Chemist: 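The structure under discussion is supplied below as structure tokens; questions concerning it will follow.
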Amino acid sequence: MTQQQQHQARLAFIGGGNMAEAILGGLLACGYPLSQCVVSEPVVARCQFLQSKYPGLQTLSGPHANQTAVNGSKTASDTAALINDSSLQVNPTAASAEFSPAEIVILAVKPQVLRPVLVDLAPVLKARHPLIISIAAGIDTGAIARFMIEGLPSSTATTDAKSLPPVIRVMPNTPALVLEGAAGLYATADATEEHRRAAESLMAAVSKQVSWVETESLIDTVTGISGSGPAYFFLMMEAMEDAGVALGMDRETAKALTIQTCLGAAKMAQSSEDDLKTLRVKVTSPQGTTDAAIKAFEAGGFRELVQKGVIAADARSRTLARELGGSKL
Amino acid sequence: MTLQSRLAFIGGGNMAEAILGGLLACGYPLSQCVVSEPLKSRCEFLHSKYPGLQVLSGSQANQLAVNGSTSPKRTATMISEGSVNLNPTAASTSFAPAEVVILAVKPQVLKTVVHDLRQVLQTRQPLIISIAAGIETRTIAKFIAEGTTLKPRDLPPVIRVMPNTPSLVNEGATGMYATSDATDDQRHVAESLMAAVSKQVSWVDNEAMIDTVTGISGSGPAYFFLMMEAMEEAAVRLGLDRKTAKALTIQTCLGAAKMAQSSQDDLETLRVKVTSPNGTTDAAIKTFENGGFRELVYEGVKAANMRSKSLAVELGGKELSTKL
């Protein structure tokens, strides 16, 4: 879906941390209009960082920031009033002091604070009915719905579940910042095809691999491989670089060769029909140097250790869901 | 000597194909390449994959590849006496002597191959580029000089290269070592050849470092294949379909490498920045650290490094140094 063919939905990022920046930055690099983006972020220093990195970006902080990001601000004087009573700080160099309600709300706060954020935003989310895209690890769509209901007047609770905005849960990863993300997505049944397409297009702007999962519990597994996975490869590369240095190589050369080896292996895997085992066997001459290394890895339980790590991340994702969402495990 | 130099590949296996294929994909003239390969079926594979490529096999194939043949008649004689088989669809049956000889045979047979080529290497004095794991430049020089009265300065220069198989997709990582008699021009040619198929080319100052390059980038792709295989398998066991598990894993590996390449940060900092305390990443990393991941990786790299050194002992008659 090209940028020209589609109206550029108004995006509100609730939370301006690493992952939000990864997605925002990737979108802007792809030509997404800056003027259609707003970021609500409580830490003023972080807002300033974002403003300096993306000049003209509308960043909001203060007690009313989330609400304003979702609800929009119809007139400059509405915005001014909020600023005057200190419930809002804006980017003074942003394109405009008036902006439309969000069509897509990206929940990018740390999982631990998502509940109070949603409770606070519930009325305006219900009123505006944007597509909600959550990237919070470990918070399932059921919990998100419950938190919204919690924030609505109890007299309307029974009808509210049906009138809540649709939620699409996304597990992206930080290579989105260099437009090389891997993302898993799950949509609740009330998300339409158009919603799914919108979420997919958004993530595809910053990810080279976007995969839908059919059941929500698989998002925990996606967390275990691609969500947290970049760090596993950073650790692997760090260990290889250190090994090179321990064996006498200068660090700069060890680092450069290691990183390119990681990249080359991934490129080979992507461009080949072969499965990963076959790829490995094909480059492992019996009794050669590669064979010696692989035998050492196998003898040392490398495979099992890697799997253990993935399982640990998956399990932590499920535990987080229990701790933070009150979901049935 | 330029980047259009006449190249002779002695051996047409995986690595030779990686380099040849990468060069051709970059526009290197096919007519300037010849491959000598003993296995007929391998020859057939190469000339079906690279139509028009001159591929030789037979007892005189190596000689012909290095020496060239300016006389189609002479070539025809060799064919009819069975000492060489050519690719019948190759561009030409006459070709110039090699300016660059790429030794791409398995380390175990290099001695025999070089012995057989002694005379023609001494006569033609090509630049010799060896990609054979574990064979030192002085060993190659010894094989060339053996049984002759040649002085070291009369021998062709040797540049030892440790490439890796992602060269086949032009994403190689390569370490290189040149003997002191290699000129700047020759170093430049070797580097240009490898740069056509590698995104990282690093010279090392002492030859012992080539064993370390072997342990990191030479054999390294397999380490990442193993890691990705383990991650894919873990995901499948947790319920993800294999296709999705594979695709997400591979792109994660690629994304991590791209981030590392485009960042000023060192690898530890990159990792720490994406590891929120008590989060999912933290849980995985703690598991790795507690399980001795780093030490295990060191053991693997070291094993490849040691195998490279012991190959040098086995194949070159070098004394194994007692210090690692």
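Every value quoted in this text rests on a predicted model; they were computed, and no experiment measured them. What's counted below: heavy atoms across the whole structure, side chains too, no hydrogens, waters or symmetry copies. A, B, ... follow the sequence lines: proteins, then strands. Residue 1 opens every chain.
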Chemist: Measure A/K255 against the heavy atoms of chain B and call it side chain, backbone, both or neither at under 4.5 Å.
Modeler: side chain
Chemist: By a 4.5 Å heavy-atom criterion (distance strictly below it), what part of A/T258 contacts chain B: side chain, backbone, both, or neither?
Modeler: both
Chemist: Please classify the contact between A/D242 and chain B as side chain, backbone, both or neither, with a heavy-atom cut-off of under 4.5 Å.
Modeler: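 Answer is side chain: those atoms of A/D242 sit under 4.5 Å from chain B.
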Chemist: Which bit of B/T212 comes within less than 4.5 Å of chain A, counting heavy atoms only: side chain, backbone, both or neither?
Modeler: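 Both backbone and side chain.
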Chemist: Kindly compute the distance separating OG (B/S310) from CG (B/N305), expressed to the nearest 0.5 Å.
Modeler: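 Result: 10.0 Å between the selected atoms.
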Chemist: Would you say A/R169's side chain and A/I139's backbone share a donor-acceptor pair under 3.5 angstrom?
Modeler: yes
Chemist: Would you say the side chains of B/Q261 and A/Q260 form a donor-acceptor pair under 3.5 Å?
Modeler: yes
Chemist: I'd like to verify something: which residue of B/E299, B/K106, B/E232, B/E268 has the highest number of heavy-atom pairs under 4.5 Å with chain A?
Modeler: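 Looking at each of B/E299, B/K106, B/E232, B/E268 in turn, B/E268 comes out on top.
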Chemist: Contact part of A/E298 toward chain B, heavy-atom cut-off under 4.5 Å: side chain, backbone, both or neither?
Modeler: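 Contact with chain B involves the side chain of A/E298 alone.
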Chemist: Please look at A/A183 and chain B and tell me whether the side chain, the backbone, both or neither of the residue comes under 4.5 angstrom of a heavy atom of that chain.
Modeler: backbone
Chemist: Side chain, backbone, both or neither: which part of B/T174 has an atom under 4.5 Å from a heavy atom of chain A?
Modeler: backbone
Chemist: Under a 3.5 Å distance rule, please check whether A/R318 uses its side chain to pair with a backbone N or O of A/D220 as donor and acceptor.
Modeler: no
Chemist: Side chain from CB out, backbone as N, CA, C, O: work out which of these in B/R237 comes under 4.5 Å of a heavy atom of chain A, or both, or neither.
Modeler: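 For B/R237, the side chain is the part near chain A, not the backbone.
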Chemist: Which atoms of A/T174 are under 4.5 Å from chain B, going by heavy atoms: the side chain, the backbone, both sets, or neither?
Modeler: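 Both parts, backbone and side chain.
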Chemist: Scan the side chains in residues 18-28 of chain A for donor-acceptor partners under 3.5 Å anywhere in the protein, sequence neighbours excluded, and list what turns up.
Modeler:
residue: A/N18; atom: ND2; partner: B/K273; partner atom: O; Å: 3.4
residue: A/E21; atom: OE1; partner: A/R46; partner atom: NH2; Å: 3.3
residue: A/E21; atom: OE2; partner: A/K53; partner atom: NZ; Å: 2.6
residue: A/E21; atom: OE2; partner: A/Y54; partner atom: OH; Å: 2.9

Chemist: With a 3.5 Å distance limit and no angle check, can you tell me whether B/S219 reaches the backbone of A/T290 through a side-chain donor-acceptor pair?
Modeler: yes
Chemist: Are the side chain of B/Y223 and the backbone of B/G215 linked by a donor-acceptor contact shorter than 3.5 Å?
Modeler: yes
Chemist: Can you tell me which portion of A/L279 sits under 4.5 Å from chain B's heavy atoms? Options are side chain, backbone, both or neither.
Modeler: both
